[in-house]
Structures are given as C-alpha cells and as structure tokens.
Amino acid sequence: MNRKEIAKVLDECGTLLELKGENPFRANAYHNASRAIQRLEGDLDDLLEQKKLGSVKGIGKTMVEKVEELVETGSLKFLEKLRGEVPSGLVEMLRINGFGPKRIHQAYKELGVDSVEKLKLAASDGRLAGMKGFGKKTAEKVLEGIAFLDESGRRVLYPVARELAERVMEALAGHPAIKRMTLCGSLRRGRATIKDIDLLVASDDSEPIMKQFVELPDVRQIVGHGSTKSSVVLDNGMACDLRVVADKHFPFAMHYFTGSKEHNVAMRARAQDYGLKLNEYELAGEKKNIACKEEEDIFAALDLDPIPPELREDTGEIAAAADKSLPKLLESGDLTGIFHCHTTASDGGATLEEMAAGAKAAGFGYLGLADHSQTAAYANGLSPERVREQQKKIDAFNAKSDGFRLFKGIESDILADGSLDYDEKTLESFDYVVASIHQPMNMSETEMTERICRAIRHPRCTMIGHLTGRLLLHRDGYPLDVETILREAAKHNTMIEINAHPWRLDLDWVNCKRAKALGVKVAINPDAHSVEGIDDTKYGVLTARRGWLEAGDVFNTLPVDEIAKRLRAGKDG
DNA sequence: GGCAACG
DNA sequence: CTGCCGTTGCC
C-alpha cells in the first residue's frame with residue numbers, strides 16, 4: 001500500500017468517526033494524520049523500519065500501529081469495523097451542502113434517517129425542523145441541497161472522468177483487432193462535469209473487443225453487451241459506453257458521438273444546404289458518397305475550417321469556421337507562469353521554495369504567491385507583519401535566483417463593504433492583488449455586485465479571484481450580475497481570473513466568452529495549495545479554450561519581463 | 001487520537 | 001536531582 005492509499009484510509013476513518021458522533025478531536029486526529037502522511041517526505045518503508053514515523057508531528061503510537069497494519073496486511077480492521085457501524089447513506093448525506101457530520105448523526109439517532117431519501121421525507125414533513133437545534137430554515141436548506149444533488153445527478157468532475165476513461169482506454173489499447181480508438185462525448189469537449197464516458201473504436205472484429213471491455217476490472221455492472229454497442233457501469237457509478245464501427249465510418253461516428261447535440265443539428269443543417277445528409281455513418285447525397293478518412297475531412301467537405309471539440313456547442317463556431325475566423329485557441333504551452341498559489345504561510349501544504357521548484361519544473365518562468373489575507377483566520381491569513389516577512393523571503397529568493405522569479409501577491413478577501421483587507425501601505429507593497437470573496441456569502445445580488453464592483457475600482461486590485469464562488473456538484477455561485485461586473489472590470493482595467501481548480505473553473509466558459517467580447521483580460525490560476533495542485537492549470541486552459549480565448553486574451557502568456565513591467569506600471573500604466 | 005504539562 | 005511514565009486537559 002502506498003502513501004496516498006494509506007492517507008485515504010485514515011481520512012475515511014476520520015469521516016466515519018464524525019458520522020458516528022465520536023469525539024470530534026479524535027476524528028480530527030485521523031484527518032490530521034492523513035494529511036501528515038500525504039505530506040511526508042522520504043520513503044515510508046524506511047521511516048517505518050527506522051521507527052521514525054512516530055516522531056512525525058500529528059502521528060503518535062496508535063497511528064503508527066494503523067499504518068503498520070495497512071502496510072503489512074493491506075487492510076485495516078478498525079476501518080472495517082467502522083464501515084459496519086455506519087450506514088452508507090450517511091456518507092452520501094455528507095454531499096449535502098450545509099449538512100455536516102454532526103447534524104447527520106443527530107438526524108440518524110433521533111429520527112432514524114439513514115439515507116438521502118429518508119432525509120428528504122423528514123425535511124418535508126416537519127420532523128427535521130422539530131429537532132433541537134434545527135428549525136424551518138435548516139430544513140429548507142437541506143431540501144435545497146438535496147435538490148441540487150438530484151440535479152447534478154451522478155455527474156463527476158472532469159479530472160475524475162478523464163482519469164477513468166484513460167484507464168479504460170489503456171486497458172483496451174493493446175487489442176490487435178483495434179485499428180483506431182478515441183474518446184468522444186462531453187469528455188472530449190472538455191466540459192467541467194461529466195455524466196458518462198463515450199468511447200469509439202474502429203474494427204472489423206468487434207466481438208473480442210466487446211468481451212474484453214465488459215470484463216475489465218473496473219466494471220461493476222454490465223448494462224448491455226452487443227456487437228456494435230456495449231454499456232457498463234464502472235466502479236465509481238459512472239456509465240461507460242463503447243461503440244465499435246467499421247474504419248470507414250470512424251470519422252463520422254467520432255464527430256457524431258462527440259456532439260454536442262446542438263452542434264450536430266447545426267452541422268446536419270449545413271450538410272443539407274449542400275444537398276447532403278450527415279449522420280454517424282456517412283456524408284452522402286442522392287448519388288454520391290463523400291469519403292472522409294479523418295474527422296477534419298468532414299469539415300473540409302462542407303467548406304469549414306476544422307472545429308476544435310471544445311467549441312462544438314453551436315454558439316457560432318460553424319459560422320466562424322465558414323468564414324475562416326475561428327480563434328487560434330490558447331494552448332498549455334502558451335502560459336509563461338501562474339499567479340494565485342498558496343504556501344504553508346497560510347493554508348497551503350508546500351513551502352515557498354517547494355512551490356517555486358514545482359512551478360519551475362512545470363516549465364513556468366515565474367510564480368505569483370497569493371496566500372490568504374488577515375481576515376481569513378480560518379485559513380491562517382497573513383497579518384501585515386507576516387506579509388513583510390514573506391516579502392523579505394521572496395526578495396532573498398529572487399536575489400539568488402537565475403531567471404526564475406517570484407512575484408509578491410496576496411489573495412485579499414473582499415470585505416462585506418467591498419474594501420480590501422489591508423491598509424493602503426501594505427496593499428502597495430504587493431506586486432499584485434487577487435481580490436476574492438470568501439465571507440459573507442449570503443448577500444443579495446445587488447449588494448454582492450456592488451461589493452465586487454467596488455473592489456474592481458480599487459487601484460491596487462489586479463484581478464478578481466473565483467468570481468462567482470461556485471463549487472461544482474456542491475453549490476451554485478452567489479447571486480451576481482456578471483455582465484455589470486465584467487463591464488466595470490473592462491472600464492477599470494481589472495482582470496478576472498479563471499480559477500483552474502477542477503471544483504471551480506470559475507469564470508466558466510460562457511463568462512469567458514463574454515469577458516473576451518467586452519475586452520476584459522483574464523489570468524489563468526491553479527489556486528494551488530500543493531505542488532501537485534500546480535498541474536490543475538491545464539483545466540483552466542481547457543475552460544479558456546471552450547471560451548474561445550487566444551493567447552493574446554490571457555495575461556499570463558506574456559514574457560516575465562513584460563509581466564513585471566505591467567504590474568509595476570499598475571492599472572493606469 | 002496527539003501532545004504538552006505536570007507530578 | 002533526573003529521567004521515566006501515567007494522568008490530565010486542551011485541541
């Protein structure tokens with residue numbers, strides 16, 4: 001068992017203890033230990049052998065025993081016991097916003113609520129509101145939370161689906177009967193959340209491929225097993241479809257199953273204008289049949305430039321492809337650096353040096369550090385003194401760095417009245433400021449909009465962080481008039497970030513497109529809290545591509561010297 | 001459950 | 001007086 005798996009087990013123990021209503025500090029100890037294991041440097045086995053694991057902060061005698069058991073047997077009796085004691089419905093309820101372990105436990109103990117379904121009932125008929133510490137309002141919030149869950153269905157975040165899809169494809173890849181294979185559907189188009197995985201294979205001999213597919217270790221249940229299409233449910237509950245077609249049909253099937261549906265409708269209409277019909281098998285007229293070897297041949301046959309999958313939403317891409325005005329979409333390699341990353345100074349898991357090394361290894365020429373500001377006490381926000389301390393460190397780092405550069409930033413809370421979280425003098429000491437809303441979040445649309453607009457007008461506010469505050473599959477953003485905000489941002493030369501964390505992707509692609517139209521520059525930031533988090537930047541690039549952005553629309557494609565110059569000049573420069 | 005302080 | 005260890009209270 002590796003580090004990551006062990007950390008996951010300990011974390012689950014902590015969560016189950018919480019749901020059991022155990023001593024919260026005991027539960028927390030498991031979460032702590034999990035984090036400590038994840039962050040461990042050096043080899044776990046070595047540490048274990050040398051009996052040094054116990055001296056790691058957050059890991060005591062008991063945790064060492066648990067880890068030893070996991071390394072030796074691959075399982076943990078304690079976890080099995082907990083799993084037996086806590087109904088699985090309770091774990092599911094954790095996904096309901098505003099309904100934590102304590103309340104779940106209470107509802108279970110007092111009302112026997114052990115599933116989301118039963119909770120819905122109890123919230124509707126007033127039983128939930130009748131419990132001590134609960135009221136009408138909490139019951140309403142619970143119902144809202146459940147409705148949100150139902151709506152988002154069994155969708156998962158893009159990276160989760162992507163990783164799974166790649167595993168399935170790898171497991172099939174070696175099959176001799178496969179001529180070509182591709183990912184289709186919303187995953188290929190790069191949507192932020194994904195419901196199912198669509199795979200397409202070209203082959204003349206589908207049976208053995210289908211057999212291998214339905215027998216993959218990741219398959220939990222076989223829904224359909226045919227010669228052209230098979231459907232399974234994977235271990236994480238996701239549906240996965242595999243279609244096998246003849247090689248000559250492959251480009252048409254690939255285009256058709258990539259979608260979107262709306263894009264396909266528009267493409268068929270265009271084919272009709274040419275006296276042709278387009279479907280998943282062919283592009284054909286009364287007498288002729290237009291052969292296409294690749295997907296782009298289909299576009300060419302209809303006098304269209306090839307349309308990248310990310311743009312296929314029928315939002316103008318066909319017209320643009322027709323008059324050769326498709327954007328030259330941003331690529332990961334265009335990015336020169338990133339802003340908005342956290343370190344151990346606030347709530348990050350890696351030090352300034354580690355983050356810098358990580359950014360450098362990722363091919364970036366600079367890194368902007370933006371730890372939390374003083375009001376964010378929950379995230380160990382920086383007091384003005386600690387800001388100065390960090391800035392000294394950055395100066396020292398830059399002084400002996402060869403080329404790679406750190407920028408002094410901050411993620412400043414936007415306070416309720418729209419002001420930033422430091423005095424003017426401290427604000428001026430930063431190279432840049434990312435202004436974000438964390439709390440309070442329950443204001444009206446008008447108030448929220450004005451609050452953000454006021455931050456945008458501040459001369460030291462370089463960019464707004466995670467504008468809408470949405471958390472995918474978890475909660476919607478707070479109410480905002482985004483159009484007004486973008487106009488204000490354009491007017492005051494304030495950028496908006498694309499927060500690339502897979503939970504956020506905020507701005508979303510629709511607002512990206514709008515920002516571009518209004519002339520608002522964006523910056524793509526991973527909001528990384530660890531070295532690995534830096535890699536999330538790629539999801540921001542995907543979002544930017546879906547929003548039609550080109551390198552010129554994105555601030556962090558500029559060379560480091562130009563970045564430094566513009567930050568120094570400020571917003572009026 | 002970890003940890004520091006205490007006796 | 002020091003080092004070891006169980007207890008306690010806080011997180």
Side-chain angles (χ1 to χ4, degrees), chain A residues 1-88 90-95 98-109 132-133 342-351 354 371-383 385-386 389 413 438-439 529-530:
Chain A
M1 244 190 174
N2 65 31
R3 231 219 269 296
K4 209 170 154 189
E5 289 167 322
I6 290 171
K8 216 174 139 191
V9 168
L10 294 181
D11 206 55
E12 190 181 343
C13 288
T15 306
L16 291 173
L17 285 167
E18 284 177 289
L19 290 172
K20 252 189 85 182
E22 268 275 359
N23 176 350
F25 293 109
R26 187 177 172 212
N28 207 358
Y30 279 89
H31 289 131
N32 261 335
S34 168
R35 253 172 279 144
I37 297 268
Q38 272 183 66
R39 252 177 238 174
L40 224 49
E41 30 196 287
D43 191 60
L44 186 62
D45 292 334
D46 287 353
L47 243 57
L48 226 42
E49 259 172 57
Q50 296 165 28
K51 305 272 174 214
K52 282 190 177 155
L53 188 62
S55 52
V56 174
K57 202 169 153 62
I59 298 177
K61 199 167 151 250
T62 319
M63 291 302 173
V64 173
E65 281 170 19
K66 306 269 191 253
V67 173
E68 278 172 347
E69 185 182 341
L70 280 166
V71 168
E72 279 162 26
T73 70
S75 64
L76 188 65
K77 290 249 166 60
F78 181 59
L79 175 64
E80 305 305 327
K81 181 170 149 272
L82 283 172
R83 276 185 181 156
E85 289 168 353
V86 179
S88 63
L90 300 196
V91 182
E92 233 170 281
M93 282 185 231
L94 278 174
R95 294 180 53 203
F99 202 61
K102 251 179 131 172
R103 290 179 156 178
I104 292 174
H105 175 251
Q106 194 184 346
Y108 174 56
K109 212 173 136 199
K132 63 170 187 291
H342 296 263
T343 71
T344 45
S346 65
D347 62 346
T351 63
E354 289 164 347
D371 275 307
H372 286 282
S373 60
Q374 53 187 343
T375 295
Y378 58 90
N380 193 21
L382 272 54
S383 66
E385 286 85 331
R386 294 183 59 219
E389 231 172 84
D413 270 30
H438 293 109
Q439 268 173 348
H529 286 70
S530 64

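Order of the sequence lines fixes the chain letters, A, B, ..., with proteins taken first and strands second; residue numbering starts at 1 for each chain. In this text the structure is predicted, and so the values were computed from the model without any measurement.
Evaluation of the side-chain hydrogen bond (donor to acceptor under 3.5 Å, both in side chains) rule for A:Arg26 yields A:Glu22 as partners, not counting sequence neighbours. Residues that satisfy the side-chain hydrogen bond (donor to acceptor under 3.5 Å, both in side chains) test with A:Asp371, not counting sequence neighbours, are A:Thr343, A:Ser346, A:Gln390. For A:Phe99, there are no ring pair (Phe, Tyr, Trp, His ring centres under 6.0 Å) partners two or more places apart in sequence or in a different chain. Judged as a side chain to side chain contact (heavy atoms under 4.5 Å, CB included), and not counting sequence neighbours, the contacts of A:Tyr108 are A:Pro87, A:Leu90, A:Asp114. For A:Gln38, there are no side-chain hydrogen bond (donor to acceptor under 3.5 Å, both in side chains) partners at least two apart in sequence or on another chain.
Atom CZ of A:Arg39 is separated from atom CD of A:Glu354 by 10.0 Å, given to the nearest 0.5 angstrom. With values rounded to the nearest 0.5 angstrom, A:Met93 atom CE is found 9.5 Å from A:Ser88 atom OG. A distance of 9.5 Å separates CD in A:Gln50 from CG in A:Asp43, rounded to the nearest 0.5 Å.
Contact between A:Ala376 and A:Asp413 at its shortest, heavy atoms only, is CB-OD1, 4.1 Å. The shortest heavy-atom contact between A:Ser75 and A:Glu80 is CB-OE2, 4.4 Å.
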Residues 53-68 of chain A, side-chain donor-acceptor partners within the protein, below 3.5 Å, at least two apart:
from	atom 1	to	atom 2	distance (Å)
A:Ser55	OG	A:Lys52	O	2.7

Cut-off 3.5 Å, no hydrogens considered: what does the side-chain donor-acceptor table look like for residues 5-20 of chain A, sequence neighbours left out?
from	atom 1	to	atom 2	distance (Å)
A:Glu5	OE1	A:Asn2	N	3.0
A:Glu12	OE1	A:Arg83	NH2	2.9
A:Glu12	OE2	A:Arg83	NE	2.8
A:Glu12	OE2	A:Arg83	NH2	3.2
A:Thr15	OG1	A:Asp11	O	3.0
A:Thr15	OG1	A:His31	NE2	3.4
A:Lys20	NZ	A:Glu85	OE1	3.0

*Stepwise, does the ring pair (Phe, Tyr, Trp, His ring centres under 6.0 Å) test hold for A:Tyr30 with A:Phe78?*
CA-CA 12 Å; A:Tyr30 279 89; A:Phe78 181 59; 5.6 Å; yes

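Residues A:Gln374 and A:Arg386 have side chains not in contact (no heavy-atom distance under 4.5 Å, counting atoms from C-beta outward).
In the region residues 8-16 of chain A, proximity to DNA chain B at under 4.0 angstrom, judged on heavy atoms, holds for none of the residues. Contacts between residues 24-33 of chain A and DNA chain B, defined by a heavy-atom separation under 4.0 Å, are made by A:Phe25, A:Arg26, A:Ala29, A:Tyr30. Listed by residue number, A:Val56, A:Lys57, A:Gly58, A:Ile59 are the residues of residues 45-59 of chain A with a heavy-atom contact under 4.0 Å to DNA chain B.
If you check the side chains of A:His372 and A:Asp347, you find a donor sitting under 3.5 Å from an acceptor.
Nucleotides of DNA chain B that come within less than 4.0 Å of any heavy atom of chain A span, from the 5' end to the 3' end, B:dG1 to B:dC3.
Remark: DNA chain C forms stems of 3 or more consecutive Watson-Crick or G-U wobble pairs, all pair distances under 3.5 Å, at B:1-7 with C:5-11.
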